Amino acid sequence: MPELPEVETIRAQLAPLLEGRCFQRVSILDTRLTRPHDPREVAAELDGEDVAALERRGKYLVVRFRTGRSLLIHLRMTGSLHHAPVGTLEVDPYRRAVVTLDNGSDVAYRDVRRFGTWLLLEPGELESYLGVKVGPEPLGSEFTTRFLRGRLTARKAPLKAALLDQRTVAGLGNIYVDEALWLARLHPLRAAGTATPEEVRAVHRGVRRALQTGIARQGATLRDYRTPDGGSGSMQDEFKVYGRAGEPCPRCGTPIEKTRAGGRGTWYCPACQRR
DNA sequence: AGGTGGACCCGAACGC
DNA sequence: TGCGTTCGGGTCCACC
C-alpha cells in the first residue's frame with residue numbers, strides 16, 4: 001500500500017541514482033504492466049531515454065526524460081522498486097520489469113498482485129493527464145483549508161470516502177486517511193459536507209501531520225513495501241489507530257474500533273472521533 | 001451528478 | 001495436514 005509517504009521515500013532515494021543516467025535497456029516481463037499498450041513496444045520506446053528528473057505527484061512516480069517524455073509509474077498495492085549492481089539481482093518470480101542503466105546498475109520492478117501500471121506519455125501530455133486524476137499536493141501551497149472546504153462542502157459521502165478521492169487531495173490511501181482523521185478527531189463516516197470550517201481546518205492539519213510523519217519515518221512497512229535499497233519504513237510503529245482494533249486509543253485509552261467506510265477497513269476511536 | 005459496489009489480482013489468514 | 005473460502009487494497013467502471 002504505497003501511499004504518498006512511501007512513494008516520496010522511493011523517489012528521494014532513487015532520484016540521485018537515476019538523474020543524469022540513461023535507460024540503456026528496458027525489459028518488461030508482464031503484459032498487464034503497460035496495458036493497453038504492447039509491453040515490447042513500450043520497452044523499445046524507453047530504450048535510450050535519458051533521465052532528467054524523478055518526481056512525484058500524489059502516488060504517481062514520474063520519470064521525466066530529456067526528450068520531454070515521461071514515464072508514469074503507479075505502484076498500486078504491492079509494487080516496489082529495487083536498485084542493485086548489474087548481475088546481482090536475485091531470482092524473483094514477481095519481477096515485472098528491469099531497467100538497466102548506463103552505469104552498470106539495474107532498477108528492478110516487483111509487483112506481486114500485478115495492479116501496478118507503467119504509462120509512457122509524450123511531451124506535453126503529463127499535465128493534462130494528471131490534471132484530471134489528482135488534486136493538489138497535500139504538502140504544497142495550493143492545498144489550503146479554503147480549497148479543502150470547497151471540495152468537502154455539499155458532499156454527502158463519508159469524510160473518509162471524500163479524502164480517498166484523489167481529486168480532493170493527492171496521495172492519501174487507507175492508512176493515512178485513518179491516521180489523519182484520528183488527528184483531526186473526526187469520525188470517518190461523518191458526511192463530508194457537514195464539517196464546520198473549524199473541523200475542516202482540523203482535517204487539513206491532520207492530513208499534513210500524518211503525511212509528514214510518514215515521510216519522516218520513510219513510510220510504513222507492513223508486508224510488501226521496501227525502499228529501493230531494500231530497507232523498511234518505520235511508520236507502522238507510529239500508527240495511532242490503523243490496524244489496532246481493541247487496543248487503547250493513545251489519547252484517551254478507549255479501545256479502538258473497526259468499521260467500514262468507503263468500502264475499506266476503517267479504524268477510529270469511538271470516544272475521540274464521535275459521529 | 002454524485003455515490004456505491006464490483007472487478008481486477010493473488011498471497012495470507014482463516015475455517016473446517 | 002490439507003483443503004476451500006474470505007479478505008484486502010487503489011483505481012476504474014457500470015449502475016443506481
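Not measured: the values here are computed from a predicted model. Lettering of chains follows the sequences in order, A, B, ..., and the numbering in each one begins at 1. No hydrogens, no waters, no symmetry mates; every other heavy atom, side chains included, goes into these values.
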- Query: OP1 or OP2 of B:dG11 less than 4.0 angstrom from a side-chain nitrogen or oxygen of A:Tyr94, does that happen here?
  - Reply: yes
- Query: Among C:dG10, B:dG3, B:dA12, which nucleotide sits nearest the side chain of A:Phe115?
  - Reply: C:dG10
- For the pair made of CZ in A:Arg155 and C1' in B:dT4, what is the distance, rounded to whole Å? 12 Å
- Message: Using a heavy-atom cut-off of 4.0 Å across all strands, would you classify A:Gly263 as base, sugar-phosphate, or nothing?
- Response: nothing
- Message: Set out, in order, the CA-CA distance, both residues' side-chain angles and the distance that settles side chain to side chain contact (heavy atoms under 4.5 Å, CB included) for A:Thr78 and A:Phe115, then state yes or no.
- Response: CA-CA 8 Å; A:Thr78 53; A:Phe115 276 11; 6.0 Å; no
- What nucleic acid atoms does A:Arg167 come within less than 4.0 Å of, heavy atoms only: base, sugar-phosphate, or nothing? nothing
- Please determine, for the side chain of A:Arg264, which listed nucleotide (C:dG9, B:dA12, B:dG11) has the closest atom? C:dG9
- Is the CZ atom of A:Arg76 crowded by more than 12 outside heavy atoms at less than 6.0 Å? yes
- Message: Nearest to the A:Glu3 side chain among C:dG10, B:dC10, B:dA13, which nucleotide is it?
- Response: C:dG10
- Task: Check whether more than 12 heavy atoms from other residues, nucleotides or ligands sit under 6.0 Å from atom CZ of A:Arg95, and answer yes or no.
- Result: yes
- Message: Applying a 4.0 Å non-hydrogen cut-off, can you work out what A:Lys160 is touching in the nucleic acid: base, sugar-phosphate, or nothing?
- Response: nothing
- Note on the structure: In whole angstroms, the gap separating P of B:dC9 from CG of A:Asp111 amounts to 12 Å
- Taking the side chain of A:Arg223 as heavy atoms from C-beta outward, which of C:dG9, B:dC10, B:dA12 is closest to it? B:dA12
- So among A:Lys258, A:Lys160, A:Arg264, which one has a salt bridge (charged side-chain N to carboxylate O under 4.0 Å, His left out) with A:Asp178? A:Lys160
- Task: May I ask you to verify if any side-chain N or O of A:Arg32 is less than 4.0 angstrom from the OP1 or OP2 atom of B:dC9?
- Result: yes
- Quick one: on DNA chain C, does A:Lys258 or A:Lys59 contact a more 5' nucleotide (nearest heavy atom)? A:Lys258
- Message: If the threshold is 4.0 Å, N to carboxylate O, is there a salt bridge linking A:Arg32 and A:Asp30?
- Response: no
- Task: Please state whether the base of B:dC10 and the side chain of A:Arg113 form at least one donor-acceptor pair under 3.5 Å?
- Result: yes
- Item | Any A:His74 side-chain N or O less than 4.0 Å from OP1/OP2 of C:dT11 | yes
- Step-by-step side chain to side chain contact (heavy atoms under 4.5 Å, CB included) determination, A:Arg190 to A:Glu199: CA-CA 11 Å; A:Arg190 176 88 174 272; A:Glu199 288 170 333; 2.8 Å; yes
- Task: Would you mind reading off the distance between A:Arg35 atom CZ and C:dC13 atom P, rounded to a whole angstrom?
- Result: 11 Å
- Message: By the 4.0 Å heavy-atom rule, please label A:Tyr176 as base, sugar-phosphate, or nothing.
- Response: nothing
- Query: Which nucleotide in the set B:dG3, B:dC10, B:dC8 lies at the smallest distance from any side-chain heavy atom of A:Arg114?
  - Reply: B:dC10
- Among B:dG3, C:dT11, B:dC10, the nucleotide that comes nearest once only the side chain of A:Lys156 is considered: B:dG3
- Item | C:dG9 OP1/OP2 closer than 4.0 Å to side-chain N/O of A:Tyr242 | yes
- Note on the structure: Closest to the side chain of A:Ala157, out of C:dG8, C:dG10, B:dT4, is B:dT4
- Is there a donor and acceptor pair closer than 3.5 Å between the side chain of A:Arg76 and the base of C:dG9? no
- Message: Would you say A:Gln166 places a side-chain N or O within less than 4.0 Å of OP1 or OP2 belonging to C:dG10?
- Response: no
- Query: How is A:Pro158 classified with respect to the nucleic acid when contacts are heavy atoms under 4.0 Å: base, sugar-phosphate, or nothing?
  - Reply: sugar-phosphate
- Item | Distance in angstrom units between A:Arg260 CZ and C:dG8 C1', rounded | 8 Å
